[in-house]
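Everything on this sheet refers to the single structure shown next.
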Amino acid sequence: MVKLNILLAGVGGQGIVTMGRMIAEAAINEGVKALIAETHGLSQRNGAVNVHVRMGDVYAPLIEKGSADYLVALEATEALRNLYYANPQRTIIVLNNYTLRPALSKAKEMNMSEILEKLSAFRVYVFNANDIAIKAGNPKASNAALIGFLWSIGAFKDLIEHEESFYKALRLESNIKAFKMALEEAKQLL
Amino acid sequence: MLTLTKLRYLLLGNEAIAFGALSSGVYVAAGYPGTPSSDIIETLMKYGKDRYVEWSTNEKVAFETALGAAMMGARAMATMKHVGVNVIADALMSSSYSGVEGALVIVSADDPSMWSSQSEQDNRYYGLMALIPVLEPYDPQSAYDLTIKAFELSDSIKHPVMLRTTTRISHSRGPVELLPPKEPVNGKLIKNPQKYVLVPENARRNRVEQLKRWERIQEEVEKLNAVEEGDDKVVILASGLAYAYVKEIIEDMNLNPTVVRISTPVPIPKKTILNVVSNANKVLIVEELEPVVEMQVKELLYDNNIHVELHGKDYVSRIGELTLERVRSAVGKLYDIPITEPQVISVNPSPRPPALCAGCPHRSSFIDLKRGLALASLSNTFFSGDIGCYTLGVLPPFNEQDSALEMGSSLGVINGVYRATGQIPVAIIGDSTFFHAGLPALANAVYHNLPAIILVLDNRSTAMTGQQPSPSKEIDIAKVAEGLGVEFVKTFDPFDMKNAIKIISEAANWVKQNKKPAVIIAKRACAIDVLETLKGKELPVAEVDENKCTGCSICYDYFTCPAIIPLNNKKAKIDPLQCIGCGACVSVCPYNAISIKGKPPEGWEEAWLS
Ligand SMILES: Cc1ncc(C[n+]2csc(CCOP(=O)(O)OP(=O)(O)O)c2C)c(N)n1
């Protein structure tokens, strides 16, 4: 049985639902089963949002407690909110180097180093996906950049073999550009 | 590994239901928006151009539209979220007595764990009460397949059928194999008053017919459920989505029970179940929420004198949605296998509830309302809220929703609040909700001279559920209120704070003097709709003058626009990625430190105000 569990976390409006769909489409392009549980409705208005992406021999839409292989946060604090699905022995955490204050009266926010301290038990990568998106000419393409990063750390091995499978799924030229730039960036980081 | 052989589409469960309806020849489809059901009608509008598809003013009208079409022999469907079925309950009961000529499928999208709802009621109960069969899928592909089965069943028995989906099916995406759409089946004029006029004489005859149809339904459902044979001593009955969880857990734990995949929790397939449980030593029923299958199975076992160890809600809680870990724990108990839960680290960052968008007119309305009421010395009032984006007014700094129970509640509840206390209350209701369930209560307020301030937040849209159109675009709410006999009716722009405050306080004073209801309408479009209208155009942006800003925090702590961010020195900064240049913050700053940079694009005023 081959299974891959990726939990995507972030803030409504960041393009997480689209990110899940792009990953799943790449899987389907290779004939691999994929299921995604999306967050719709009111939370998409600046609220905390997560998307469960599951691939391979899977039936259930949700990731089991402590069973994520990857926890990817488009907004770094949101990784903390979703640690229920993570487990230091198994889960690799990928953080977009970005935090956003909740739009609440007198809200407190954590900075990046405080967040990293809370994650000290995990293997964590921090990646500047927003910078890449802006350089690629589409500030919304952070999701595509993060997919590129996941690809370069081998997140989809045994399931998705061809880089081209992502190109069709990414649809926009600027997304493909962000994906490719992320590969370059990752080479230097890793 | 599971590999996909044929061409498949990656579809949401809701999209799969819409395509299932198209493949079944649906001709008339109507719905009222509500998460997690809305994508069904939206998909039908996109792909069913040769069908009649509408957003109705509420669920009851949507259901009656579908019912009327099915009475004429058409294939029809009505869609709604679970609580929408409460709104159609009266008509639903009647439809089960009358039956139909064509096919009638009701889609109820339930919301276990209440991701976007006020309750997690289990609508399979409606099937038991109304004697309407309930079909329940477990993933997008089965949602597609069962939609087709639902139409076939309804057409063959001439009886309404409910398809019950849940958030995790409706909003899960997976591969779906589609058949081509079928020619729509429309109707012709059919008159049959003996069947459709439910006077007692007819209703009594229908009651007998209804139970005959129910007998046939009990036969038919045997074909819709599947047995996956394994060890015949241990049987797991899994209803709907529970099947997906059970399947994955038993594979993972290397167990081999007999599994019955239940697609018809109402009525259960009695023969199929009797067959497998009569050899079993242990039975586990896995179902989300209420013990609907469990109750029926227990009745079946009693009637057939079968004594077997049976578990259901004692192993799987009735609160909240299923998860793999909950099903693993239940299966572990069934087999006496100890389960060690993975250790997880828990950190609680500050909460991030949804927030009103940058440019949302409701934010300004809440500020205006507070100030207008203060001016009329009516700050101590009851804010009778309602359901929509504006329910977020419950959060600080607004605190302007003292109740919000169900759609339309704002207008009905103020009557009770006033009668019990003698205090003038304020009702706050959105435009879509006003047409959905507000009208009868407004008529009642006029009829009984209710001294209350009724604020309609007309953002020209049904925003909370994804910007579906609202009747307010076609029907002027002020004219409706006047037509119903409201004597004080005024409309204002919530961004024009001075005028808004003036009108709100005027209304409050008028109510105090006249002891009758006043209706005031805050009219300005939903910011998301405005952005959609102006897509691709360059927008203005707000700017803070650092020298004038004193760091008083009013804009980010008391106005709470997500585009205004505090700096370390407490001064405000605008996030250019989030700001849409609406200008609402300009009049909020007491030091005139905020201004708007850049020209509004062509069509700006119309987009906000028409
Ligand atoms: C009976 C019922 N049907 C549907 C819904 C889903 N729903 C919640 S709020 C809402 C309407 C919101 O529109 P409006 O009142 O115009 O407020 P807005 O969100 O635009 O501010 C709907 C359809 C519900 N909660 N209850």
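Order of the sequence lines fixes the chain letters, A, B, ..., with proteins taken first and strands second; residue numbering starts at 1 for each chain.
Only the side chain of B/S116 has a heavy atom closer than 4.5 Å to any heavy atom of chain A. Contacts of A/A86 with chain B are made by backbone atoms alone, with heavy-atom separations under 4.5 Å and no side-chain atom involved. With a 4.5 angstrom heavy-atom cutoff, A/E78 touches chain B only via side-chain atoms. Of the two parts of B/T35, only the side chain, counted from C-beta on, holds a non-hydrogen atom closer than 4.5 Å to a non-hydrogen atom of chain A. Interface remark: B/L356 contributes backbone atoms only to the contact with chain A (heavy atom separation under 4.5 Å). For B/P397, the parts lying near chain A are the backbone and the side chain together; criterion is any non-hydrogen pair under 4.5 Å. Within the 4.5 angstrom heavy-atom criterion, no atom of A/L119 approaches chain B. A/Y85 does not touch chain B: none of its heavy atoms, backbone or side chain, sits under 4.5 Å away. B/E321 touches chain A through its side chain: at least one heavy atom from C-beta onward sits under 4.5 Å away, while N, CA, C and O do not. Contacts of A/R54 with chain B are made by side-chain atoms alone, with heavy-atom separations under 4.5 Å and no backbone atom involved. Only the side chain of B/L12 comes within contact range of chain A, with heavy atoms under 4.5 Å apart.
To the nearest 0.5 Å, atom CD of residue A/E64 and atom OH of residue B/Y245 are 10.5 Å apart. Note: B/I345 CD1 to A/N87 CG = 8.5 Å, rounded to the nearest 0.5 Å. With rounding to the nearest 0.5 angstrom, the CG atom of A/N46 is 5.5 Å from the SG atom of B/C357. For the atom pair CZ of B/R168 and CD of A/E38, the computed distance is 10.5 Å after rounding to the nearest 0.5 Å. Between B/L324 atom CG and A/S67 atom OG the span is 7.5 Å, to the nearest 0.5 Å. Separation of atoms CG (B/D252) and CG (A/D57) is listed at 10.5 Å; rounding is to 0.5 Å.
Partners of A/T99 according to the side chain to side chain contact (heavy atoms under 4.5 Å, CB included) rule, which considers only residues two or more places apart in sequence or in another chain, are A/E75, A/A76, A/T77, A/E109, A/M112, A/I115.
Of all the listed residues (B/M464, B/R326, B/Q343), the one sharing the greatest number of non-hydrogen pairs under 4.5 Å with chain A is B/M464. When each of B/S170, B/C360, B/P351, B/C561 is checked for heavy-atom pairs under 4.5 Å with chain A, B/P351 comes out on top.
Between B/P349 and A/M110 the shortest heavy-atom distance is CA-CE, 4.0 Å.
Side-chain atoms of B/E248 come within 3.5 Å of backbone atoms of A/A60 as a donor-acceptor pair (strictly under, hydrogens ignored). Using a distance-only test at 3.5 Å, with no hydrogens or angles considered, a donor-acceptor pair links the side chain of B/D557 to the main chain of A/K106. Counting only distance, with no hydrogens or angles, the side chain of B/S350 and the backbone of A/K108 share a donor-acceptor pair below 3.5 Å. B/R352 places a side-chain N or O within donor-acceptor distance of the main-chain N or O of A/L100, the cut-off being under 3.5 Å. Side chain of B/R173 to backbone of A/A24: no donor-acceptor contact under 3.5 angstrom is found.
Two residues are said to be in side-chain contact when any heavy atoms from C-beta on lie closer than 4.5 Å; B/S346 and A/L83 fail this criterion.
Defined by atom type and a distance below 3.5 Å, a donor-acceptor pair is present between the side-chain atoms of B/E325 and A/Y84.
Each ring pair (Phe, Tyr, Trp, His ring centres under 6.0 Å) pair with one or both residues in residues 21-47 of chain A, not counting sequence neighbours, appears once here: A/H40-B/H171.
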